[in-house]
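Inspection log for the structure reproduced underneath, given as structure tokens.
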Amino acid sequence: MIPNSIELRDIQEARERIASLVLKTPLHPSMSLSRRTGATVLYKLETTQPTRSFKVRGSGNVIAHLSPEQRECGMVTYSTGNHGKAASYIAAQLNSRMTVCISRIAPQNKVDGMVEYGGHPIVYGESQDEAMKYAISLVDERGYSLIDPINDPGTVCGHGTIGLEILEDIPDCDIILVPVSGGALISGIATAAKSINPQTRVIGISMEKGAAMYESLKAGRPVEVPEYKSLADSLQGGISLNNKYSFEIVKKLVDEILLVSEEEISTAISHAFFHDHIVLEGAGAVGIAALLSGKVESKRDDKIAIVCTGSNIDMDTFLTIVQKGKHP
Ligand SMILES: *Cc1c(COP(=O)(O)O)cnc(C)c1O
């Protein structure tokens, strides 16, 4: 049933590899969502990781798996978002150098963000695509190792450690709600969770517009999607047209993918803040949005884990949302 490219053992090994670099994150009970649904609802708080997102798990696994010589030669990546921050942080922890290729159109605060976490940004090209090509050229020219945000099995296994932790804490977990973009996260979690407890339903959540994995599943192959402005900016982007892992794993193991609107994401951010005193970015709140909007089919007494993936939200955006007042 599980695609044989990635197995539970690989995820268990990843967990040992990253143990000293990342946290085992808490499962925080949400009283308000539990009361509303009659289920037991718990937040898996990846917001507590260094760099404030789960991305340190995948980067940690890939980078720790390189030989000291490879790390010494330098590494390169091209994400301006949470992946770039996490890769920069992990490299710095291991006393090595992460070059992050960023296009000229990226705002200065993104460049500064990489520096804050110990990365070395190079601003190049007029689009994210050009920055990516430049990053790949540095692999040949300078002998750097590429830390690929999508097509690396090590990333999937690192992210999958979240599934191990959830099933360790709640062996009879009924539903896991997971934000989906490129799908490395949900494919790792689904592989771990379904290997341990095949009864656990793994449900993906994306924003309504520009949901690359959702559209790809519908088309039966990886497709490109236009980019729309969204509160869930960490969920934007494609799944890569030559997707090697996540597309097949999601097709086989993920029970369904639900979509949530911008209004529902905003309400979820506000809900987590006022009811649970937790700051979430849009992508980190889509699981809550799906549950609050009644899109998740659940029974009373179900145990539901919501993966709250990150809290790197622009503070002006966050304040605008919460200034609207408490969500009932
Ligand atoms: C990267 C990211 C996701 C999506 O992970 P994928 O593996 O690309 O599906 C979700 N939430 C946050 C906060 C992220 O940074």
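Read the numbers this way: they start at 1 and go in the same order the structure lists the ligands and their atoms.
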Partners of Glu215 by side chain to side chain contact (heavy atoms under 4.5 Å, CB included), sequence neighbours excluded?
-> Lys218, Val223, Val225
Salt bridge present between Lys303 and Asp169 (N-O < 4.0 angstrom) | no
Determine whether more than 12 heavy atoms belonging to other residues, nucleotides or ligands lie under 6.0 Å from atom CD of Glu16.
-> no
Which pairs, with at least one residue in residues 209-257 and sequence neighbours excluded, count as a ring-ring contact (aromatic ring centres under 6.0 Å, His included)?
-> none
What side-chain donor-acceptor pairs closer than 3.5 Å can you find for residues 279-297, not counting sequence neighbours?
{"residue": "Glu281", "atom": "OE1", "partner": "Ser234", "partner atom": "OG", "Å": "2.6"}
{"residue": "Glu281", "atom": "OE2", "partner": "Asn82", "partner atom": "ND2", "Å": "3.1"}
{"residue": "Glu281", "atom": "OE2", "partner": "Asn312", "partner atom": "N", "Å": "3.0"}
{"residue": "Ser293", "atom": "OG", "partner": "Ala289", "partner atom": "O", "Å": "2.9"}
{"residue": "Ser293", "atom": "OG", "partner": "Ala290", "partner atom": "O", "Å": "3.1"}
{"residue": "Lys295", "atom": "NZ", "partner": "Leu259", "partner atom": "O", "Å": "3.0"}
{"residue": "Lys295", "atom": "NZ", "partner": "Glu264", "partner atom": "OE1", "Å": "2.6"}
{"residue": "Lys295", "atom": "NZ", "partner": "Glu264", "partner atom": "OE2", "Å": "3.2"}

Salt bridge (Lys or Arg N to Asp or Glu O under 4.0 Å) evaluation trace for Lys251 with Glu248 | CA-CA 5 Å; Lys251 217 161 68 176; Glu248 289 302 321; 3.5 Å; yes
Give one line per pair: atom of ligand 1, protein atom, distance. Only N/O to N/O under 3.5 Å.
{"residue": "ligand 1", "atom": "7 (O)", "partner": "Ala184", "partner atom": "N", "Å": "3.1"}
{"residue": "ligand 1", "atom": "7 (O)", "partner": "Leu185", "partner atom": "N", "Å": "2.8"}
{"residue": "ligand 1", "atom": "8 (O)", "partner": "Gly182", "partner atom": "N", "Å": "2.9"}
{"residue": "ligand 1", "atom": "9 (O)", "partner": "Ser181", "partner atom": "N", "Å": "2.8"}
{"residue": "ligand 1", "atom": "9 (O)", "partner": "Gly182", "partner atom": "N", "Å": "3.3"}
{"residue": "ligand 1", "atom": "9 (O)", "partner": "Gly183", "partner atom": "N", "Å": "2.8"}
{"residue": "ligand 1", "atom": "11 (N)", "partner": "Thr309", "partner atom": "OG1", "Å": "2.7"}
{"residue": "ligand 1", "atom": "15 (O)", "partner": "Lys55", "partner atom": "NZ", "Å": "2.7"}
{"residue": "ligand 1", "atom": "15 (O)", "partner": "Asn82", "partner atom": "ND2", "Å": "2.8"}

